[in-house]
Number of protein chains: 2
Amino acid sequence: MPTAHTMPMEMLTRKLDSITRLGEAERSALLSLPHTVRSLPARHDIARFGDRPSHCCLVLQGWVSRYAALSDGDRQILSFYVAGDMPDLQSLHLHRMDHNLATLTACVIAFIPHDELRPVLRRHPDLADALWRDTLIDAAHYRERITSLGRRQALGRVAHVFCELYLRQRVVGLATGPSCPLAPKQSELADALGLTSVHLNRVLRTLRQRKLVTLTGGVLTIEDWDELVTVAEFDPTFLHQDNDAPAIHEAAKIA
Amino acid sequence: MPTAHTMPMEMLTRKLDSITRLGEAERSALLSLPHTVRSLPARHDIARFGDRPSHCCLVLQGWVSRYAALSDGDRQILSFYVAGDMPDLQSLHLHRMDHNLATLTACVIAFIPHDELRPVLRRHPDLADALWRDTLIDAAHYRERITSLGRRQALGRVAHVFCELYLRQRVVGLATGPSCPLAPKQSELADALGLTSVHLNRVLRTLRQRKLVTLTGGVLTIEDWDELVTVAEFDPTFLHQDNDAPAIHEAAKIA
DNA sequence: CGGCTACTTGAGTGATTTCAAAGGTGGTGG
DNA sequence: CCACCACCTTTGAAATCACTCAAGTAGCCG
């Protein structure tokens, strides 16, 4: 079985398969994209506010976060990315970064030059559409986060993000049973959910006591999927995993 | 001077001019797009959760809101749109609505069939890129809202959304002096900012007393732009109005 | 004038934060 | 192998921001 390191672009076709239907021409165009693979340490900025990136990046291993830094030193984590995600696609059309992109854990990341990607997208408009769609799904995730922050209280917010991160990993094969990796530390989850790490910790205790989920040592274990979904008011529509509906509906049975 | 009603697509070229550079071929392709213009009453759903829209819509007059409805009857307003915006562009690639789109005020809206738009975008990839860019800017607005909801308290949130809505209208010519229309009612602003209308009302009083802004009768008047920007921690980078930087920097002088 | 709807204000409550400090755990060097 | 340090997690008590409930005012339209 090829490792992420040896077949980077295969990671991408697999991800895109979950959200769209690629033709053979598009698939092979993707697989032959020039790219550079780099290993980065944890907590390393990939792109900073104000930068003008010249490459898109594809996560092969590890977790990446997108975050905004506020003047008072606070930060808001906007989203998490796992293997298969292209967190930086937007830089193709938004030339100046309005936030930061950084590794959360040690990562292996493939960098694809804009100048190589652009002509390929011109020759394969279906591929361009697939990537456009990917950025629109990213936006759908943002919308769901807004709803969480605006209208759910802490318990629901945490339950909701756990549902999301578990399913997103299931779809790309990073979770099979009731458990999945969950790299963000409590303080990072808190920064993503608009909570303090102190309060997040209390919410985790509640979830543990109510036997819904457990988070220990970077592993999330779902103990009662149905109840978790209820607490979160979770509806997977926003994931737009049209091609993987079964994977999502199976979650209820397995976890 | 042509009214919005007689020259709908011109509205769109003007909006796109503010975020990208269109060639003549793209411009005329836009202007000749088939479309239907309709007048809709206030509070009218344009597309509902679960729908599969067959048209994109372009706002010609009035205010439109995107919102999520929660099971307990609460709603979260995700964004506001004004004349020139195409709130429904994403439906080109995300086939099932994961939220709702509705008029806030009485509106005039142009509907463009997907089936007409798609081939035009294939013939004019630069135009497709411009619209892709537009959806990416929409996502940038979401990110900024997440930051507001997660890390700013009520006063900053309200100040921030006022800065945003004022500038967005300036750029398309809907605001010239220190005032601009602001159609959302207090309860709607509250639903957008994750506040109760009671608390929003108190925040408005504070902003009024501190002589930063006044909101009366659907008109927002900026009294102290610099101080408002400070309270909001507002940075216009996320608007990505690369072609209208002057308009944005002038705001400080005029308001 | 009556009946809407939107806005405004007060008083009490509650969810989350702040401040402070005590456990765990893993890595490093003596 | 243990001591120590750094970082993360956990808990307690007090403060605060925003919410809930409730009532009252203002404006608009028939």
Side-chain angles (χ1 to χ4, degrees), chain A residues 41-43 63 65 70 72-77 104-106 148-162 181-210 213-221 231, chain B residues 41-43 63 65 70 72-77 104-106 148-161 181-210 213-221 231-232:
Chain A
R43 245 152 285 206
W63 286 65
S65 78
L70 282 84
D72 58 4
D74 267 16
R75 72 173 171 175
Q76 174 66 39
I77 291 184
L104 222 45
T105 65
S148 260
L149 293 178
R151 286 293 173 239
R152 281 189 255 269
Q153 39 190 59
L155 189 72
R157 271 184 230 176
V158 177
H160 198 278
V161 82
F162 283 169
L182 207 136
K185 303 182 201 321
Q186 293 189 9
S187 61
E188 289 160 340
L189 282 174
D191 280 346
L193 297 176
L195 302 171
T196 56
S197 59
V198 171
H199 194 56
L200 180 87
N201 181 276
R202 295 192 230 269
V203 170
L204 288 181
R205 178 174 52 184
T206 305
L207 288 171
R208 205 185 312 129
Q209 287 169 345
R210 290 173 58 173
V213 283
T214 313
L215 175 59
T216 333
V219 174
L220 179 75
T221 304
V231 168
Chain B
R43 246 151 287 204
W63 286 64
S65 77
L70 281 83
D72 58 4
D74 266 16
R75 74 174 170 174
Q76 173 66 40
I77 292 184
L104 222 47
T105 64
S148 260
L149 293 178
R151 287 290 171 241
R152 281 189 256 267
Q153 39 191 55
L155 189 73
R157 272 185 229 175
V158 177
H160 197 279
V161 82
L182 207 135
K185 303 182 203 317
Q186 292 189 9
S187 61
E188 290 160 340
L189 281 175
D191 281 345
L193 298 175
L195 302 170
T196 57
S197 60
V198 171
H199 194 55
L200 181 89
N201 182 278
R202 293 193 230 270
V203 170
L204 288 180
R205 178 176 49 183
T206 305
L207 287 171
R208 205 184 312 128
Q209 286 170 345
R210 289 173 58 172
V213 283
T214 312
L215 175 60
T216 333
V219 174
L220 179 75
T221 304
V231 167

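Just so it is clear: chains get the letters A, B, ... in the order the sequence lines come, proteins before strands, and each one is counted from 1.
Contacts of B/Arg151 with the nucleic acid, taken as non-hydrogen atoms under 4.0 Å apart, are absent. Counting non-hydrogen atoms under 4.0 angstrom, A/Gly194 reaches the backbone sugars and phosphates but no base. In this structure, A/Gly218 reaches neither bases nor backbone, as no heavy-atom distance under 4.0 Å exists between it and the strands shown. No engagement by B/Leu204 is indicated, since no non-hydrogen atom pair under 4.0 Å with the nucleic acid exists. As judged by a 4.0 angstrom heavy-atom cut-off over every strand, B/Arg152 is placed among residues making no nucleic acid contact.
Going from atom CD of A/Gln153 over to atom P of C/dA15 covers 6 Å, rounded to whole Å. Taking atom CG on B/Leu189 and atom P on C/dA6, their separation rounds to 13 Å, with Å as the unit. Taking atom CG of A/Leu149 as the reference point, atom P of C/dA15 lies 18 Å away to the nearest angstrom. When the P atom of C/dT16 is taken as reference, atom CG of A/Leu193 falls 12 Å away, rounded to whole Å. At whole-Å resolution of the value, CZ in A/Arg43 and P in D/dA6 are 16 Å apart. In this structure, B/Leu200 places its CG atom 14 Å from P of C/dA6, rounding to the nearest Å. To the nearest angstrom, C1' of C/dT16 lies 13 Å from CG of A/Leu155. Here C/dC19 presents its C1' atom at 11 Å from CZ of A/Arg202, a figure rounded to the nearest Å.
Side-chain N/O atoms of A/Arg157 and base N/O atoms of C/dT16 include no donor-acceptor pair closer than 3.5 Å. A donor N or O paired with an acceptor N or O is not found under 3.5 Å between the base of D/dT9 and the side-chain atoms of A/Arg208.
In this structure, the nucleotide among C/dA6, D/dC19, D/dT11 sitting nearest to the side chain of A/Val198 is D/dT11.
Between A/Leu155 and A/Arg210 the shortest side-chain heavy-atom distance falls below 4.5 Å. In this structure, B/Arg157 and B/Val161 have side chains that are not in contact, with every pair of non-hydrogen atoms separated by 4.5 Å or more. In this structure, the side chains of B/Arg151 and A/Asp72 stay at 4.5 Å or more apart for every pair of heavy atoms.
The side chain of B/Arg205 contributes an N or O atom lying less than 4.0 Å from OP1 or OP2 of C/dT9. Here B/Asn201 reaches the OP1 or OP2 of C/dT8: one of its side-chain N or O atoms lies under 4.0 Å away. Of the side-chain N and O atoms in B/Gln186, one or more sit less than 4.0 angstrom from OP1 or OP2 of C/dT8.
A/Leu104 contributes atom CG, which lies 4.0 Å from atom CD of A/Glu188 (distance to the nearest 0.5 angstrom).
When each of B/Lys185 and A/His199 is assigned the nucleotide of DNA chain C bearing its nearest heavy atom, the one mapping closer to the 5' terminus is B/Lys185.
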Item to check | Stepwise side-chain contact (heavy atoms from CB on, under 4.5 Å) check, A/Arg152 with B/Leu70 | outcome: CA-CA 9 Å; A/Arg152 281 189 255 269; B/Leu70 281 83; 4.2 Å; yes

